[in-house]
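Only one structure is covered here, and it is reproduced in the block below.
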Amino acid sequence: MGNPERDGAPAETAASIHEFYTASSWIEGAATEQLRQVANLPGVRQIAAFPDLHPGTFGPIGCAVLSERLYPQLIGNDIGCGMSLFALDLPRSKLRLDRAAQKLRVLESAWSGNAAGYLAEAGLPSDAFSEAIGSIGGGNHFCELQVIEEITDDAASGHDLAPQTLLLFVHSGSRGFGTHVFRSVVERFADGLEQGSTAANRYLDDHDRAVAWASLNRRIIALRAAVALRADIRTVVDSPHNVVERQGDLFLHRKGAAVATTPLVPLAGSRDSLSFLLKPTGCKPEALASLSHGSGRKYDRKSMLGRVGSTRSDRERLLRTSFGGRVICDDRQLLIEEAPDAYKNSAHVCDDLVSHGLATCVASLQPLITFKKATEPEGTESWKRQRKDHGRKWR
DNA sequence: ATGTTC
């Protein structure tokens, strides 16, 4: 389990790595190799690795890294990316699945709301990537309608959560904002930024704005979905997982690792498996106040193209779930890359965290409608025109 | 992941 605690040890000594998974967990060798590489970066003191660990572009996803130096590449381009959970005041008996799925297609169009006003309210420049506010983006991002399947801890009642409560679960990030911040710093500072330096402070300021932008984005996405479903929402938890924070003279980086200082932390399954709501115990300092953010990828996107969805009938299968749920994803490649088979078993990930004493499971959440991407309109020709006009702005 | 391939 890595090296013992040390203080002012020479740079050639690797940081300690605490792994919160078991021999039966699906952990790729490439991911643990990346962990070792991060442990050998100058100034890295301690690493917590979680059961959703998998290889990433700049380092492993599913870990927290405590370091003397600031490494923007450990956070990546999607600064502030996270999961937000909202409770809907809509009774499940009123929900018509196919009708609701059709209504959620509105999420694909540009948001016509007061982006500037919301941005200003969040302390952000009113023109900061305002065109993209309320948009989900690509990759693993989604907006999912869920229902609470089971309550497994009394903590749920304190949050007014009960079986059959409908939820909106939004996974999205800072879109072009975070990418812009990341590009402005990463090529020039491969060896990380020194604590207290102008570059570090500038990055942290920009980072904090991207985190606020991403959080607002998730809230607007949920508001749009709630309006489409003619319901009100309240926030249950806002849980970022690509963030860095100051801890004294050190930097605590989280990459695909949820901040575990909130009362509840959501753990995303796939669109055809349960998500979970966790209550962090906070009793293991070596976990660096972090938890898994989801089930984690099992197979990379490219290899998924050879695994599923080669026939039309198999792609049609991917638009329905074993829970009787619906998937809105008109993009064939995205449908395949994000197939449920691409992900680890979320229940196993949850069990690993619970058995390591990091969390208790409060609720299991069943997916009903997963919105990914719509290219087919929601039924009116005006939708097509709106898209066309939006695209023209960039010509 | 990405105003992605404007």
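Computed from a predicted structure; not experimentally measured. Excluded from the calculations below are hydrogen atoms, water molecules and symmetry mates; all remaining heavy atoms, backbone and side chain alike, are included. Residue numbers begin at 1 in each chain, while the letters A, B, ... track the order of the sequences.
Ring pair W213(A)/F177(A) is tilted by interplanar angle, where 30° to 60° counts as tilted. Between Y71(A) and H253(A), the ring-plane angle classifies as tilted under the 30° and 60° cut-offs.
If you check every strand for non-hydrogen atoms under 4.0 Å, G178(A) touches nothing. Among the protein residues, R175(A) comes within range of the sugar-phosphate backbone only, with heavy atoms under 4.0 Å from sugar or phosphate atoms but none that close to a base. G139(A) comes within contact range of the sugar-phosphate backbone alone, with a heavy-atom separation under 4.0 Å but no base atom that close.
With a 3.5 Å limit on both pairing distances and Watson-Crick or G-U wobble geometry required, DNA chain B contains no stem of 3 or more pairs.
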**Message:** Working note: D78(A) + H141(A), criterion side-chain hydrogen bond (donor to acceptor under 3.5 Å, both in side chains); need CA distance, chi angles, decisive distance, verdict.
**Reply:** CA-CA 11 Å; D78(A) 198 359; H141(A) 291 172; 3.2 Å; yes
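When rounded to the nearest whole Å, the span between CD1 of I79(A) and C1' of dT2(B) equals 12 Å. Going from atom CG of N77(A) over to atom C1' of dT2(B) covers 6 Å, rounded to whole Å. Rounded to whole Å, atom C1' of dT4(B) lies 14 Å from atom NE2 of H141(A). In this structure, CG of D78(A) is placed 15 Å from P of dT4(B), rounded to the nearest angstrom. Remark: C1' of dT4(B) and CZ of F129(A) are 14 Å apart, rounded to the nearest angstrom. Separating the CD atom of Q333(A) from the C1' atom of dT5(B) is a distance of 12 Å, rounded to the nearest angstrom. Distance, I75(A) CD1 to dT2(B) P: 16 Å, rounded to whole Å. To the nearest angstrom, P of dT2(B) lies 9 Å from NZ of K373(A).
With a 6.0 Å cutoff to the six-membered ring centre and a 45° limit on the axis angle, R307(A) counts as a cation-pi contact of Y299(A).
Residues R271(A) and T370(A) have side chains that never bring a donor and an acceptor to within less than 3.5 angstrom of each other.
Salt bridge D331(A)/K372(A): absent, no basic N to carboxylate O contact under 4.0 Å.
Between V181(A) and D206(A), the shortest heavy-atom distance links the atoms CG1-CB, 3.5 Å.
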